[in-house]
Amino acid sequence: MLSSPWGVLGVTLAIQALVSMTVITVPAMAPAVAQALHVSPSLVGAYIGLVYVGATLASSIAGPLVLRYGALRVSQWGLLACAAGLAVSALWASVPGMVVGALLVGLGYGPITPASSHLLARTTPAHRAALVFSIKQTGVPLGGVMAGAIVPPLVLAGGVGLALWSVAAGCVLCALLAQPPRAALDADRDPTRAVSPASFLRPIRLVLGHPQLAPLAAYSFVFSAMQMCLAAFLVTYLHTRLGYSLLAAGAALSVAQAGGVFGRVLWGYIADRWLGTGRMLASLAALMGLCAAATAALQAGVPRPLVLALMAAFGASATGWNGVYLAEVARRAPAGMAGTATGGSLAITFFGVVLGPMLFSAVSTLFGSERAGFVGLALAVAVCAWRLWRSARVSKDPA
């Protein structure tokens with residue numbers, strides 16, 4: 001049954017993977033898009049920033065919408081918004097078209113995690129929370145794997161337009177397939193619940209005013225910048241600086257995202273079983289910092305297997321922290337407010353994604369290479385790792 005705990009996990013995982021693929025679709029073919037629009041490939045950072053402007057807004061209002069209309073219905077709207085964003089980019093093949101398309105993709109992506117957290121918090125046993133949330137969050141790197149493996153061949157076969165329309169069609173199909181279990185999974189919706197402008201600010205106020213949620217959100221700000229810069233700039237970096245073909249660079253992105261799939265499940269298990277959230281997040285921050293520094297130091301002569309191994313470790317850490325983080329947010333949230341707390345937390349997380357790629361692009365342009373951007377990220381997460389280790393040593397509570 002799709003309304004069982006594992007059925008809910010499957011539904012939310014599939015939706016997460018599709019919307020995540022839409023976010024990475026343009027970065028996965030950034031050199032081809034840049035050539036078609038006659039712009040610099042480094043502007044992919046601005047595209048990602050615009051996506052997460054929309055996502056920040058959407059995640060902050062997702063909580064009230066989930067409570068009124070139901071988590072699955074909000075997820076279906078998100079899928080359709082992502083499809084619309086890609087369709088606009090395909091039909092209006094220009095810089096303004098990409099701007100509008102990016103904002104629409106962000107508006108579709110933003111509500112997905114708050115909605116799925118609402119469903120999973122309601123159906124998942126407490127002792128399996130970190131693992132289940134981590135498995136669901138594998139949809140994010142899984143979407144990256146799909147983008148890296150599918151989008152470049154589609155570009156070579158039929159151009160940028162074919163890739164955009166194909167991913168858009170997948171989102172529409174997923175929204176339709178999610179309709180049968182909607183009545184059962186959205187049975188707790190309250191159609192009489194008021195949705196007002198004031199209610200849209202409540203999730204952020206909840207997080208910022210909560211002594212345990214606020215520090216978690218601050219760390220996620222930096223981690224999310226690292227995660228998105230890896231996804232957004234890796235193909236361009238390998239293609240322009242190390243001479244990789246578009247297919248080879250896309251394959252490296254898929255390896256990094258596959259590492260994230262494996263890492264999210266592994267870290268969730270380790271956090272539940274041994275380390276706890278604080279030490280787990282500190283360890284991941286240290287690992288992603290080392291990987292970012294190593295990526296910045298890569299040269300064209302480095303053997304491909306070593307590069308792929310580095311990308312797997314980079315992906316496992318930089319995209320592997322989310323499930324443990326979201327499980328901890330849901331655990332610490334007031335009763336019945338997991339979706340609201342997640343939405344408020346992700347508004348801060350997504351703000352890091354908005355600024356991160358933009359700053360990465362600025363630093364890379366200033367120093368003439370993406371290497372400088374990766375070094376800056378390594379320093380930022382090193383500070384987070386140090387603070388997390390300090391807090392873990394003085395507190396028995398994870399994170």
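Since the model is a prediction, treat every value here as computed from it, not as a measurement.
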*Start with the C-alpha gap between Thr113 and Gln16, add the side-chain angles, then the distance that decides, and say whether side-chain contact (heavy atoms from CB on, under 4.5 Å) holds.*
CA-CA 8 Å; Thr113 297; Gln16 185 72 68; 3.3 Å; yes
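- Judged by distance alone, the side chains of Glu370 and Thr236 never bring a donor and an acceptor atom under 3.5 Å apart.
- Proximity of a side-chain donor or acceptor of Arg189 to a complementary backbone N or O of Asp186 within less than 3.5 Å is detected.
- Looking at Trp92, its side chain never comes within 3.5 Å of a backbone N or O of Gly101 through a donor-acceptor pair.
- Residues Ser89 and Val26 fail the side-chain proximity criterion, which asks for heavy atoms closer than 4.5 Å.
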*Is there a side-chain hydrogen bond (donor to acceptor under 3.5 Å, both in side chains) between Thr12 and Lys136 once you walk through the steps?*
CA-CA 7 Å; Thr12 55; Lys136 197 282 295 183; over 6 Å; no
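- In this structure, Ser254 contributes its side chain and Val145 its backbone to a donor-acceptor pair below 3.5 Å.
- For Phe351, the CZ atom counts as loosely surrounded, since its 6.0 Å shell holds 12 or fewer non-hydrogen atoms of other residues, nucleotides or ligands.
- Note that the CD1 atom of Ile270 and the CG atom of Leu284 stand 8.5 Å from one another [nearest 0.5 Å].
- Between Asp190 and Arg68 there is no salt bridge, since no side-chain N of the basic residue sits under 4.0 Å from a carboxylate O of the acidic one.
- When atom types are taken as modelled, the side chain of Arg264 and the backbone of Val140 share no donor-acceptor pair closer than 3.5 angstrom.
- Residues Thr349 and Phe221 are not in side-chain contact: their nearest non-hydrogen atoms beyond the backbone lie 4.5 Å or more apart.
- Judged purely by atom type and a 3.5 angstrom limit, His239 uses its side chain to pair as donor or acceptor with the backbone of Tyr244.
- To the nearest 0.5 angstrom, Gln76 atom CD is 13.0 Å from Cys171 atom SG.
- Here the closest heavy-atom approach between residue Ala225 and residue Gly352 is recorded as CB-O, 3.5 Å.
- Atom CG of Leu310 is separated from atom SG of Cys291 by 5.5 Å, given to the nearest 0.5 angstrom.
- Remark: side-chain polar atoms of Ser317 are paired, donor with acceptor, to backbone N or O of Phe314 under 3.5 angstrom.
- In plain terms, the two heavy atoms of Val8 and Leu119 that are nearest each other are CG1-CB, 3.8 Å.
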_From CA spacing to verdict: side-chain contact (heavy atoms from CB on, under 4.5 Å), His118, Asp188_ = CA-CA 10 Å; His118 178 88; Asp188 66 334; 2.7 Å; yes
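- Taking the ring centroids of Phe223 and Tyr325, they lie at or beyond the 6.0 Å cut-off.
- Between Ala256 and Thr319, the closest heavy-atom pair is O-OG1, 4.5 Å.
- Counting all heavy atoms, side chain and backbone alike, Trp321 lies closest to Ser224 at CZ2-N, 3.6 Å.
- Between Val329 and Leu213, some side-chain heavy-atom pair lies under the 4.5 Å cut-off.
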_Test side-chain contact (heavy atoms from CB on, under 4.5 Å) applied to Val375 and Phe367, step by step_ = CA-CA 11 Å; Val375 170; Phe367 288 92; over 6 Å; no
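- With a 6.0 Å radius and a threshold of 12 heavy atoms from other residues, nucleotides or ligands, Gln35 has its CD atom at or below the threshold.
- A pairwise comparison of heavy atoms in Ala147 and Thr25 identifies CB-N, 4.4 Å as the closest pair.
- The shortest non-hydrogen separation linking Ala232 to Ile48 is CB-CG1, 3.7 Å.
- Between Leu37 and Met98, some side-chain heavy-atom pair lies under the 4.5 Å cut-off.
- Atom-to-atom distance recorded for Leu298:CG and Phe374:CZ is 9.0 Å, nearest 0.5 angstrom.
- Aromatic ring centroids of Tyr69 and Trp77 lie under 6.0 Å apart.
- Interatomic distance, Leu79 CG to Thr22 OG1, rounded to the nearest 0.5 Å: 8.5 Å.
- With hydrogens and angles disregarded, a donor-acceptor distance shorter than 3.5 Å links the side chain of Ser220 to the backbone of Ala217.
- Within the 4.5 Å cutoff, the side chain of Trp274 has no heavy atoms near those of the Arg279 side chain.
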_Verdict with supporting geometry, Arg241 and Ser369, side-chain contact (heavy atoms from CB on, under 4.5 Å)_ = CA-CA 8 Å; Arg241 305 299 173 188; Ser369 173; 4.2 Å; yes
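- The closest side-chain heavy-atom distance from Pro31 to Val235 is below 4.5 Å.
- How far CZ of Phe360 is from CE of Met228: 13.0 Å, rounded to the nearest 0.5 Å.
- In this structure, Leu281 and Trp267 have side chains that are not in contact, with every pair of non-hydrogen atoms separated by 4.5 Å or more.
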